[in-house]
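Quick note: residue numbers are just sequence positions, from 1. Small disclaimer: the values here were computed from a predicted structure and weren't measured.
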Amino acid sequence: MAVTDRKTAKENRTFYNKINPKVKRYLGKAVVKRHASGGKTGMFKGININSYSAYYFWERVVNN
């Protein structure tokens with residue numbers, strides 16, 4: 001889903017802040033932290049999102 005406005009970006013940030021502890025707890029060391037920055041200027045200024053994903057871990061398992 002594309003983020004096209006500030007409100008949606010803040011909702012996504014709130015969602016990730018809620019779900020991140022659960023993801024880290026259940027997947028442990030398999031998670032990779034990803035950081036998305038809204039930049040220093042523009043519509044998304046000051047909105048930073050941290051998310052955790054095990055996608056890259058599973059990709060390595062499948063491809064090796």
Side-chain angles (χ1 to χ4, degrees):
M1 180 171 86
V3 178
T4 57
D5 62 353
R6 192 169 174 82
K7 180 181 175 186
T8 306
K10 285 185 177 183
E11 288 171 356
N12 284 351
R13 179 179 61 185
T14 302
F15 169 76
Y16 280 116
N17 286 342
K18 287 180 187 175
I19 198 78
N20 281 342
K22 294 174 187 165
V23 170
K24 288 194 306 188
R25 182 176 22 174
Y26 290 117
L27 298 176
K29 293 184 178 185
V31 298
V32 174
K33 182 177 181 179
R34 300 182 76 198
H35 178 77
S37 176
K40 297 183 188 273
T41 61
M43 181 171 43
F44 301 112
K45 176 182 177 182
I47 300 176
N48 299 314
I49 299 174
N50 291 319
S51 63
Y52 293 87
S53 173
Y55 174 78
Y56 297 108
F57 170 78
W58 296 112
E59 186 179 78
R60 284 194 309 262
V61 168
V62 170
N63 290 329
N64 287 331

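- Applying the side-chain contact (heavy atoms from CB on, under 4.5 Å) test to K45 and every residue at least two apart in sequence or in another chain returns nothing.
- Among residues two or more places apart in sequence or in another chain, the side-chain contact (heavy atoms from CB on, under 4.5 Å) test is passed with F15 by I19.
- Applying the side chain to side chain donor-acceptor pair (under 3.5 Å) rule to S37 yields the partners N48; only residues at least two apart in sequence or on another chain are considered.
- Minimum interatomic distance between I47 and R13 (heavy atoms only, all atoms of both residues): CA-NH1, 4.1 Å.
- The side chain to side chain donor-acceptor pair (under 3.5 Å) check on N17 picks up nothing, with sequence neighbours excluded.
- Considering only residues two or more places apart in sequence or on other chains, K7 meets the side-chain contact (heavy atoms from CB on, under 4.5 Å) condition with D5, E11.
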Would you list the atom pairs, donor with acceptor, under 3.5 Å between side chains in residues 21-28 and any protein atom, with sequence neighbours excluded?
none

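- Using modelled atom types, no side-chain atom of R34 and backbone atom of S51 make a donor-acceptor pair closer than 3.5 Å.
- The two atoms that bring N50 and Y16 nearest to each other are O-CB, 3.7 Å, heavy atoms only.
- More than 12 heavy atoms of other residues, nucleotides or ligands shown are found within 6.0 angstrom of CZ on F44.
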